[in-house]
Protein chains: 2
Amino acid sequence: MDEVAAFLGYLAGTLTTISFFPQLLKVIKLKSAKDISYRMFVLFILGVLLWFIYGILTNAWPVILTNLITFIVASSILVLKIRYDREDSK
Amino acid sequence: MDEVAAFLGYLAGTLTTISFFPQLLKVIKLKSAKDISYRMFVLFILGVLLWFIYGILTNAWPVILTNLITFIVASSILVLKIRYDREDSK
């Protein structure tokens with residue numbers, strides 16, 4: 001049962017993480033991220049970070065690993081957004 | 001420790017769920033959802049559904065409840081997208 005749960009967790013995490021990659025690729029390709037709301041994205045990244053800590057506290061590896069990857073992808077999008085928004089306002 | 005973890009889990013779930021509401025509101029307001037990719041959104045909804053099952057198997061209530069709400073919000077966006085895309089193609 002634990003193995004089934006872990007497998008489902010990793011599969012779930014893979015799917016929800018994968019769904020963020022097109023956003024990252026779009027931002028890189030367009031060199032723009034005006035469509036993304038700062039406020040909502042910061043809330044989301046904060047949420048992912050809390051899921052990561054929740055995973056550590058409850059010893060849930062699928063939660064820890066997949067949220068770590070989502071955190072890296074989402075933070076990359078945010079850093080690119082800050083950079084591109086600055087360039088646009090020059 | 002368990003209570004701290006549960007609190008963090010609910011807070012995490014609230015933040016990651018909240019970050020989806022602007023998308024729903026935007027789709028309702030614009031009566032259009034052309035920016036949203038079907039393929040990625042279906043993957044995401046499938047992922048959320050698997051997180052929900054993972055939560056049941058591991059008895060993790062924050063995971064169960066917040067993914068249930070995200071599933072409802074994301075499915076609503078998908079249903080609206082199907083409806084608006086049909087209307088546009090008439």
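Nothing here was measured: the structure is a model prediction, and the numbers come from that model. Proteins come first, then strands; the chains are lettered A, B, ... in the order of their sequence lines, and each starts at number 1.
Among B/Ile53, B/Thr16, B/Leu8, the residue with the largest count of heavy-atom pairs under 4.5 Å with chain A is B/Thr16. Contact count versus chain B (heavy atoms, under 4.5 Å) is highest, among A/Ser19, A/Ala60, A/Gly55, for A/Ser19. Most heavy-atom pairs under 4.5 Å with chain A, from the set B/Pro22, B/Ala12, B/Gly9: that is B/Ala12. When A/Phe20, A/Phe44, A/Phe21 are compared by the number of non-hydrogen pairs under 4.5 Å with chain B, A/Phe44 comes out ahead. Note on A/Phe41, A/Tyr54, A/Trp51, A/Phe52: by heavy-atom pairs under 4.5 Å with chain B, the leading option is A/Trp51.
B/Leu15 is listed as a side-chain neighbour of A/Leu50, based on a closest heavy-atom distance under 4.5 Å. Taking 4.5 Å as the limit, every side-chain heavy atom of A/Val63 sits out of range of all side-chain heavy atoms of A/Thr58.
Listed in order of number, the residues of residues 68-79 of chain A that approach chain B to under 4.5 Å between heavy atoms amount to none.
The environment of B/Phe7 atom CZ is sparse: at most 12 non-hydrogen atoms of other residues, nucleotides or ligands sit within 6.0 angstrom.
Neither the backbone nor the side chain of A/Val42 comes within contact range of chain B; no heavy atom of the residue lies under 4.5 Å from a heavy atom of that chain.
Rounded to the nearest 0.5 Å, atoms CG (A/Leu57) and CD (B/Glu3) are 13.0 Å apart. To the nearest 0.5 angstrom, A/Lys81 atom NZ is 12.5 Å from A/Arg86 atom CZ.
When the side-chain hydrogen bond (donor to acceptor under 3.5 Å, both in side chains) test is applied to A/Thr66, no partner is found at least two apart in sequence or on another chain.
Residues A/Ile28 and A/Leu30 do not share a hydrophobic cluster, clusters being chains of Ile/Leu/Val/Met/Phe/Trp/Tyr side chains in contact below 4.5 Å.
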Derivation of the side chain to side chain contact (heavy atoms under 4.5 Å, CB included) call for A/Ile18 and A/Thr14: CA-CA 6 Å; A/Ile18 277 178; A/Thr14 304; 3.8 Å; yes
